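Structure first, then comments.
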Amino acid sequence: MKSVPISAHETADQLVQDILASFIRLANEAIDASGVFRVSLSGGSTPKRLYQEIAASNLDFSRIQWFWGDERNVPCDHVDSNFRMVNDALLKPAKIAAANVFPVPVCVEDPAAAAMNYENIIRRQFGAAENSAKSNQQPSDFPRWDLVLLGLGDDAHTASLFPETAALEVSDRWFVENWVEKFAAFRYTLTAPAINSGREIWFLISGSGKREAVGRIMANERDFRRYPSQLIRPTRFFVTSDALPEGHRV
Ligand code: 6PG
């Protein structure tokens, strides 16, 4: 894997403060340059702490659009819902306008339809005309996120790209439903190309439980079906030092 900057910190608090500062810088740059900052959010415990800090920042929330990189197949008020987590940590406390919030329109009974629906919602925000003007799928025909935030599971999944699942093989869609056998449930997820099209792609990782998975992402040996995060081309790692394997300590 090409060398990617690693920002390592002793504590999760320091980590979150560093991510927050970087987030604010990037958002302000994007807003100055184009008037809007489009971010794809992750579920998970480290991102949640970041969202609470973002809520207390003085960012211009009228210029930021929030999307979900993955979601669980549950109603939006369910305790497992990623929307609910972000809503509680960020959207409600910061009083963010609904017009800037693009949650997955979960349909528990028909996840395939809901995933297609969400893909089209994202497509519209990124300019459908751009896509319909093309007759075949181009590498550029993926969402140009200003930032994609990603967590990392201890099984090396990211977003809801889990080991040995069908979504890992998809290259012609932005967002799909994904059956995850170990949960006997559908998840929803951005596909790998629709993550890799981001300008900035950050992994937010904390805790020694992630060390082996971090080692798998950084290893030369590739097996994306077992270690789905290997499909991702991150631009930056934010990690606690205890999550870094020997040989990668900075
Ligand atoms: C989810 C995710 C998932 C998550 C990782 C890490 O909805 O579960 O988006 O990819 O980010 O599992 O989660 P933790 O930070 O809680 O370990």
Side-chain angles (χ1 to χ4, degrees), residues 1-34 36-54 57 59 64 66-67 69-70 139-140 142-159 161 190-224 227-250:
M1 190 181 95
K2 84 170 171 54
S3 135
V4 175
I6 301 174
S7 304
H9 294 276
E10 284 307 314
T11 69
D13 280 346
Q14 291 165 342
L15 180 76
V16 169
Q17 288 309 317
D18 186 19
I19 306 166
L20 176 68
S22 303
F23 184 97
I24 291 173
R25 205 175 313 120
L26 189 70
N28 285 333
E29 279 167 16
I31 293 167
D32 285 349
S34 70
V36 63
F37 180 62
R38 294 193 182 102
V39 55
S40 167
L41 300 167
S42 166
S45 49
T46 314
K48 180 177 177 181
R49 295 177 62 173
L50 172 68
Y51 304 153
Q52 290 164 335
E53 296 291 329
I54 292 173
S57 74
L59 276 164
I64 304 180
W66 309 93
F67 298 83
D70 78 318
S140 60
F142 284 103
R144 197 77 172 120
W145 309 106
D146 294 299
L147 174 62
V148 183
L149 295 174
L150 296 172
L152 175 71
D154 50 14
D155 60 356
H157 84 263
T158 192
L161 297 169
L190 284 174
T191 59
I195 292 174
N196 287 330
S197 53
R199 291 191 170 87
E200 290 287 330
I201 302 165
W202 298 350
F203 271 109
L204 317 183
I205 306 166
S206 63
S208 57
K210 303 293 168 72
R211 197 179 302 150
E212 195 193 330
V214 173
R216 295 295 180 188
I217 314 185
M218 293 176 174
N220 292 327
E221 196 187 314
R222 312 309 276 171
D223 185 352
F224 72 84
Y227 311 116
S229 295
Q230 291 183 345
L231 287 168
I232 307 306
R233 294 193 296 271
T235 59
R236 197 157 166 191
F237 287 104
F238 289 92
V239 293
T240 53
S241 307
D242 59 354
L244 282 174
E246 297 285 332
H248 292 283
R249 301 269 157 81
V250 284

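Remember, predicted model here, so these are calculated numbers, not experimental data. Only heavy atoms go into these numbers, but all of them, side chains included; no hydrogens, no water, no symmetry mates.
Minimum interatomic distance between Pro143 and Ala194 (heavy atoms only, all atoms of both residues): CG-O, 3.8 Å. Nearest heavy atoms, Ala8 versus Leu244: CB-CD1, 3.9 Å. Across all non-hydrogen atoms, the minimal contact from Ala159 to Gly69 is CB-O, 4.1 Å. Of all heavy-atom pairs between Gly209 and Asp154, the closest is O-CB, 3.5 Å. Shown here for Val4 and Pro234, the closest heavy-atom pair between the two residues is CG2-O, 3.6 Å. Nearest heavy-atom pair across Gln230 and Asp223 is OE1-N, 2.6 Å.
We find the CD-OG distance between Glu200 and Ser40 to be 13.5 Å, quoted to the nearest 0.5 Å. We find the CG-OG1 distance between Leu15 and Thr240 to be 6.5 Å, quoted to the nearest 0.5 Å. To the nearest 0.5 Å, atoms CD (Glu53) and CD1 (Ile24) are separated by 9.0 Å. Annotation: the span from His9 atom NE2 to Ser241 atom OG amounts to 8.5 Å, rounded to 0.5 Å. Leu20 CG to Gln52 CD: the interatomic distance, rounded to the nearest 0.5 Å, is 12.0 Å. Atom OG1 of Thr158 and atom CD1 of Ile232 lie 6.0 Å apart (nearest 0.5 Å).
Looking at heavy atoms from C-beta onward, Phe203 lies in side-chain contact with Ile217 at the 4.5 angstrom threshold. At least one side-chain heavy atom of Arg236 sits under 4.5 Å from a side-chain heavy atom of Ser7. The shortest distance between side-chain heavy atoms of Ile205 and Leu150 does not fall below 4.5 Å. Counting heavy atoms from C-beta outward, Trp202 and Pro5 have side chains that stay 4.5 Å or more apart.
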- Message: Under the criterion side-chain contact (heavy atoms from CB on, under 4.5 Å), I'd like the reasoning laid out for Lys210 against Thr46: C-alpha separation, chi angles, the key distance, then a yes or no.
- Response: CA-CA 12 Å; Lys210 303 293 168 72; Thr46 314; 5.8 Å; no

- Take Leu50 and Leu149 through the side-chain contact (heavy atoms from CB on, under 4.5 Å) test and state the conclusion after the steps. CA-CA 10 Å; Leu50 172 68; Leu149 295 174; 4.0 Å; yes

- Message: Let's go through Leu41 and Tyr51 carefully: what are the C-alpha distance in whole Å and the side-chain angles of both, what is the deciding distance for side-chain contact (heavy atoms from CB on, under 4.5 Å) to 0.1 Å, and is it a yes or a no?
- Response: CA-CA 9 Å; Leu41 300 167; Tyr51 304 153; 3.6 Å; yes

- Output, in order, the C-alpha distance, side-chain angles, deciding distance and verdict of side-chain contact (heavy atoms from CB on, under 4.5 Å) for Leu190 and Asp70. CA-CA 6 Å; Leu190 284 174; Asp70 78 318; over 6 Å; no

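Atom CD of Gln14 has more than 12 heavy atoms from other residues, nucleotides or ligands within 6.0 Å.
Distance alone, capped at 3.5 Å, is enough to place a donor-acceptor pair between the Asn196 side chain and the Arg233 backbone.
In summary, Arg199 and Asp146 engage in a salt bridge, as defined by a charged side-chain N under 4.0 Å from a carboxylate O. With respect to Glu29 and Arg25, no salt bridge is recorded, no charged nitrogen being found less than 4.0 Å from a carboxylate O. We find that Arg49 and Asp13 are joined by a salt bridge, their nearest charged nitrogen and carboxylate oxygen being less than 4.0 Å apart.
By the 30° and 60° cut-offs, the orientation of the rings of Trp145 relative to Phe67 is perpendicular. Using cut-offs of 30° and 60° on the angle between ring planes, the pair Trp66 and Phe23 is parallel.
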